[in-house]
> 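Below you will find the structure I want to go over with you.
Whatever order the structure lists ligands and atoms in, that order sets their numbers, starting from 1.
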Amino acid sequence: MKSLRDYVNDAEQRGVAIGHFNISNLEGLHGIFQAARALNLPVVIGTSEGERSFIGVAETVALVRALRDTYNHPIFLNADHTYSFEGVKEAIDAGYDAVIFDGAKLSLEENIATTRKCVEYARNCGRDVLVEAELGNIGQSSKMLDVIPEGVATDEAFMTSPEDAASFVRQTGVDLLAPAVGNMHGMVKGGHNPKINTERIAAIRNAAGVPLVLHGGSGISDEDFISSVKAGISTIHINTEIRLAYRDALVQTLAASPDEIAPYKILAPSVEAVAAVVMKRLKLFNGIK
Ligand SMILES: [Zn+2]
């Protein structure tokens, strides 16, 4: 099977994007995999520090590997937003295919030094593990928000600059970069997430020389997704939307069947709801009607 690096390069050349979807449990994984398999598309499963401590690091690796091996399907695992070198090391040692070191809260010097340490660890682990870094402020929570969080770069002046991106990649050796280009984590109620600056995406891709990842995909308009991919995004993260679909389906099921106690029956509609969101997003990212 080709590596995640190959799939990212393929996606970029073909002008499409790989979908990255987060999970908190087995139902989420099954929903995402069902959609990816139905469309015969590669897919990346993400777990944040909170998500992976809930499922278990080794358990997450085993679950994803089981699907990859059983169905011979390109499904990969990424340690989303990891805030320490120790967390990155734990994920790589356990068998993750990719990691994100998020040093956004550190000084630039500390961020560069720790990111470089993560890259060196990945290069020497005996497998091809991708290391991603995030540059710029895009907020932190994958949840429903009343307003755009303070500090999120909606103004061009605060977005990641092509020069900073190039120098960061050169100094750290990261494989993938997640810039701040108007995107943000979470969804603003009423569907008013900021607009994506696609000219900036193109300039960063050109200057940085590595594939780009769009975080905070939930709440972005279909048009912005399409133009972002055209401009140079080759992986897109979706989390809030699938959390919402999962929760809403669960609320409805519990209300409709108050006497049902079998978890596999209570949670089946949530699996379907996650699959439906992922199906819609994967079609959009891959230009499938
Ligand atoms: Zn993110």
Side-chain angles (χ1 to χ4, degrees), residues 4 8 11 17-24 28 32 43-55 60 76-84 87-88 91 96-106 111 114-115 118 130-145 148-154 158-160 165 168-169 172 174-188 193-194 196-197 200-201 204 208 210-220 224-225 228-229 232-244 246 277-278 281 285:
L4 177 56
V8 171
I18 296 178
H20 172 293
F21 305 95
N22 288 65
I23 61 166
S24 291
I32 295 161
V43 70
V44 181
I45 300 297
T47 55
S48 65
E49 288 186 343
E51 289 160 342
R52 83 186 89 124
S53 78
F54 182 74
I55 311 173
T60 311
F76 299 98
L77 183 58
N78 176 44
D80 204 0
H81 298 282
T82 307
Y83 298 97
S84 67
V88 165
Y96 274 65
D97 304 292
V99 293
I100 302 179
F101 175 68
D102 184 338
K105 282 193 176 152
L106 304 174
N111 188 357
T114 311
T115 305
C118 295
L130 299 180
V131 180
E132 176 182 332
E134 187 169 292
L135 204 56
N137 186 349
I138 60 167
Q140 280 203 312
S141 315
S142 295
K143 60 185 184 189
M144 298 306 292
L145 304 159
I148 295 170
E150 202 176 324
V152 166
T154 52
F158 300 106
M159 292 179 185
T160 306
F168 190 85
V169 169
T172 58
V174 288
D175 303 293
L176 303 164
L177 188 71
V181 288
N183 51 317
M184 53 172 271
H185 288 123
M187 278 168 89
V188 181
N193 278 44
I196 301 300
N197 187 326
R200 185 59 67 93
I201 291 173
I204 293 172
V210 292
L212 301 182
V213 181
L214 188 67
H215 281 237
S218 301
I220 293 176
D224 271 7
F225 273 132
S228 298
V229 173
I233 293 290
S234 42
T235 303
I236 300 176
H237 281 221
I238 300 280
N239 192 0
T240 312
E241 261 179 33
I242 50 182
R243 287 181 169 183
L244 193 61
Y246 179 98
V277 170
V278 173
R281 286 319 186 190
F285 302 161

> Does a side chain donor of either Tyr246 or Ser24 reach within less than 3.5 Å of an acceptor in the other side chain?
no
> Mind checking salt bridge (Lys or Arg N to Asp or Glu O under 4.0 Å) for Glu51 and listing every partner two or more places apart, or none if nothing turns up?
Arg243
> Determine whether Arg281 and Ser218 satisfy the following criterion, side-chain hydrogen bond (donor to acceptor under 3.5 Å, both in side chains), listing intermediate values before the conclusion.
CA-CA 10 Å; Arg281 286 319 186 190; Ser218 301; over 6 Å; no
> For the Zn ion (ligand 1), how many protein N, O or S atoms come closer than 2.8 Å?
3
> Just checking, is any N or O donor in the side chain of His215 or His81 under 3.5 Å from an acceptor N or O on the other one?
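A donor-acceptor contact under 3.5 Å links the two side chains.
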> Restricting to non-hydrogen atoms, name the atom on Ala165 and the atom on Leu177 that form the minimum distance, rounded to 0.1 Å.
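Looks like CB-CD2, 3.6 Å.
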> Assess, by modelled atom type and distance only, whether the side chains of Asp80 and Asn22 contain a donor and an acceptor separated by less than 3.5 Å.
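Yes, because at least one side-chain N or O of Asp80 sits under 3.5 Å from a partner of the opposite role on Asn22.
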